Amino acid sequence: MLHIGTVVMGAADVRRAATFWAAALDYVPRDGALNDDFVVLVPHRGHGPGVAIDSSESPVQQHPRVHLDLYAADAQDQEAEVARLVSLGATRVDWDLYPADPDFVVLADTEGNRFCVIDTSHGG
């Protein structure tokens, strides 16, 4: 049976993006060093999928077909995590597809790659 091993994201500045995602997720470089063209990050503790940052000059998609969803326990945790991620360099995205009562907040990493922080306690 297959399982997700690594999610790969493109970045013009691999080192900057890897630094952001390592801090955001408490991940570390699998090979112990940040490189300028490709880095695989893995969980500092425990198991989980890796996040790879690959050098890319492709433009960021306004509505990406694939993105990361990061789970928060509740609305308070979501708010705190959004604030923490913004302090690390993420930016809030003026998302035009929010439903009336969203359980998610759309952010962009240091490269503009979109991702969501989900309130998993949200009923709906």
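Just so it is clear, the model here is predicted, and its values are computed rather than measured.
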(Q) Checking Phe38 now: which residues fulfil side-chain contact (heavy atoms from CB on, under 4.5 Å) with it, not counting sequence neighbours? (A) Val40, Ala52, Asp54

Q: Sequence neighbours left out, what passes ring pair (Phe, Tyr, Trp, His ring centres under 6.0 Å) with Phe115? Give chain and number order.
A: Trp21

Q: For the residue pair Tyr98 and Val106, establish whether any side-chain heavy-atom pair is separated by less than 4.5 Å.
A: yes

Q. Can you check whether Ile53 reaches Val51 side chain to side chain, under 4.5 Å on heavy atoms?
A. yes

Q: To the nearest 0.5 Å, tell me how far Thr6 OG1 sits from Leu41 CG.
A: 9.5 Å

**Q.** Steps toward side chain to side chain contact (heavy atoms under 4.5 Å, CB included) verdict (Asp77, Thr120)
**A.** CA-CA 10 Å; Asp77 187 35; Thr120 59; over 6 Å; no

Q) Hey, does the side chain of Asp109 reach the backbone of Asn113 with a donor-acceptor pair shorter than 3.5 angstrom? A) yes

Listed pairs under 3.5 Å, donor-acceptor, residues 27-34 side chains, sequence neighbours left out:
from	atom 1	to	atom 2	distance (Å)
Tyr27	OH	Pro49	O	2.8

Q) So, for Leu85 and Ala24, which heavy atoms are closest and what is the spacing to 0.1 Å? A) CD2-CB, 3.3 Å

Q | Of Arg84, Gln78, Glu79, the residue whose pairing with Glu81 passes side-chain contact (heavy atoms from CB on, under 4.5 Å) | A | Arg84

Going by atom type alone, with no hydrogens or angles, which donor-acceptor pairs under 3.5 Å involve a side-chain atom of residues 58-67 and a protein atom two or more places apart or on another chain?
from	atom 1	to	atom 2	distance (Å)
Ser58	OG	Ser56	OG	3.4
Gln61	OE1	Arg65	N	3.4
Gln62	OE1	Arg114	NH2	3.3
His63	NE2	Asp96	OD1	2.7
His67	NE2	Asp69	OD1	3.0

Q. With side chains defined as the heavy atoms from C-beta onward, is the minimum distance between Pro99 and Phe104 less than 4.5 Å?
A. yes

Q.
For Asp119 versus Ser121, what's the shortest heavy-atom pair and its separation?
A. OD1-OG, 2.7 Å

Q: Kindly check if the number of other-residue, nucleotide or ligand heavy atoms within 6.0 Å of CD1 (Ile4) is above 12?
A: no

Q: Return the set of residues passing side-chain contact (heavy atoms from CB on, under 4.5 Å) with Ala12 (not counting sequence neighbours), or none when no residue passes.
A: Glu57, Glu111

Q) For Arg15, which residues count as a salt bridge (Lys or Arg N to Asp or Glu O under 4.0 Å) partner, sequence neighbours excluded? A) Asp36

Q. Going by heavy atoms in the side chains, are Val14 and Asp37 under 4.5 Å from each other?
A. no

Q | For Ala11 against Ala17, the heavy-atom pair lying closest together | A | CB-CB, 3.8 Å

Q | Beyond-backbone contact of Thr91 with Leu107, side-chain heavy atoms, under 4.5 angstrom | A | no

Q: Give a yes or no on whether Val7 and Val42 share a hydrophobic cluster (residues Ile, Leu, Val, Met, Phe, Trp, Tyr; joining criterion: side-chain heavy atoms under 4.5 Å apart).
A: no

Q: Go through Asp101 and His122 one step at a time and tell me if the side chain to side chain donor-acceptor pair (under 3.5 Å) criterion holds.
A: CA-CA 9 Å; Asp101 186 23; His122 189 277; 3.3 Å; yes

Q: Quick one: do Thr110 and Asp13 satisfy side chain to side chain contact (heavy atoms under 4.5 Å, CB included)? Show the steps, please.
A: CA-CA 9 Å; Thr110 58; Asp13 187 336; over 6 Å; no

**Q.** Single-linkage hydrophobic cluster Val8~Leu70, side-chain heavy atoms < 4.5 angstrom
**A.** no

